[in-house]
Amino acid sequence: MVSSAHRQPTALLAIDVQRGFHDPHWGRRNNPASEANISRLVAAAQERAWRLVPVRPAPAATGSPLGPGLPGNALMPMVDVEHDLLVCKSVHSAFHGAPDLDSWLRAHGVER
C-alpha cells in the first residue's frame with residue numbers, strides 16, 4: 001500500500017459490488033460486463049494510488065441475498081482487496097451509512 005503521504009486526493013467508490021447481486025432473486029442482469037469494468041477501474045485506482053472505498057448495503061429485509069452473515073453479503077473478488085474504508089449504507093445512499101463517508105473523505109483530503 002502507498003503511504004498516506006503519497007496518496008492522491010482521489011477515491012474510487014465501489015458501490016453495491018457484492019456476490020449476492022448474482023442471485024436469481026434480482027432477475028435478469030442488465031450489465032453483464034460490470035465486473036470486468038469494475039476490475040479495470042480498481043486496477044487503475046491501485047496504479048494511481050487512489051483510495052478504494054467499497055460501499056455495500058446492510059439490508060434489514062428478511063430474505064435478501066445481501067443479508068449480513070449470508071454469502072451474498074461478501075464483496076465480489078475485484079473489490080475484496082486491500083481498501084481504505086468499508087462503508088455499510090443503511091439506505092440508497094453511500095452518505096447514509098457507517099462510518100460517515102463524508103467526514104472520512106474530508107478528513108483524508110479527498111477532492112475527487
Side-chain angles (χ1 to χ4, degrees):
M1 177 174 244
V2 177
S3 75
S4 60
H6 296 96
R7 300 305 298 264
Q8 298 295 316
T10 304
L12 173 62
L13 305 181
I15 300 173
D16 297 346
V17 187
Q18 286 123 271
R19 296 172 189 253
F21 283 111
H22 287 284
D23 192 284
H25 168 87
W26 304 110
R28 186 170 178 243
R29 295 184 61 197
N30 64 358
N31 188 358
S34 65
E35 286 86 359
N37 292 333
I38 294 167
S39 292
R40 285 193 294 276
L41 285 169
V42 170
Q46 291 170 328
E47 289 171 10
R48 291 165 177 82
W50 296 352
R51 296 177 184 279
L52 176 60
V53 180
V55 179
R56 66 178 177 199
T62 304
S64 169
L66 304 175
L70 295 176
N73 189 260
L75 297 171
M76 287 187 197
M78 76 286 289
V79 296
D80 194 12
V81 296
E82 189 172 349
H83 51 269
D84 297 277
L85 181 71
L86 174 63
V87 175
C88 293
K89 62 182 180 164
S90 55
V91 297
H92 295 294
S93 171
F95 292 95
H96 293 276
D100 183 314
L101 179 58
D102 180 60
S103 295
W104 185 88
L105 293 170
R106 290 175 191 272
H108 290 85
V110 175
E111 299 170 359
R112 298 183 295 256

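When reading the values below, keep in mind they use all heavy atoms of this one structure, side chains included, and skip hydrogens, waters and symmetry mates.
Nearest heavy atoms, Asn73 versus Gln18: O-CG, 3.4 Å. Of all non-hydrogen atoms in Pro57 and Asp16, the two that sit nearest each other are CD-OD1, 3.2 Å. A pairwise comparison of heavy atoms in Pro65 and His25 identifies CD-CD2, 3.6 Å as the closest pair. Pairing each heavy atom of Leu86 with each of His83, the nearest pair is CB-NE2, 3.8 Å. Nearest heavy atom pair, residue Arg29 against residue Ser34, reads NH2-OG, 2.9 Å. Leu70 and Ser64 get closest at one heavy-atom pair: CD1-O, 3.3 Å.
Arg19 places no side-chain N or O within 3.5 Å of a backbone atom of Pro71 that could act as its donor or acceptor partner. At least one donor-acceptor pair under 3.5 Å links the side chain of Trp26 to the backbone N or O of Gly20. Proximity of a side-chain donor or acceptor of Asp84 to a complementary backbone N or O of Val53 within less than 3.5 Å is not detected.
Phe21 and Ile38 fall within a single hydrophobic cluster, where Ile, Leu, Val, Met, Phe, Trp and Tyr side chains are chained together by heavy-atom contacts under 4.5 Å. In terms of hydrophobic clustering, with Ile, Leu, Val, Met, Phe, Trp and Tyr side chains grouped at heavy-atom distances under 4.5 Å, Leu85 and Leu52 are assigned to different clusters.
Within a 6.0 Å radius of NE2 in His96, other residues, nucleotides and ligands contribute 12 heavy atoms or fewer.
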Applying side-chain contact (heavy atoms from CB on, under 4.5 Å), run through Glu82 and Gln46 and close with a yes or a no. CA-CA 10 Å; Glu82 189 172 349; Gln46 291 170 328; over 6 Å; no

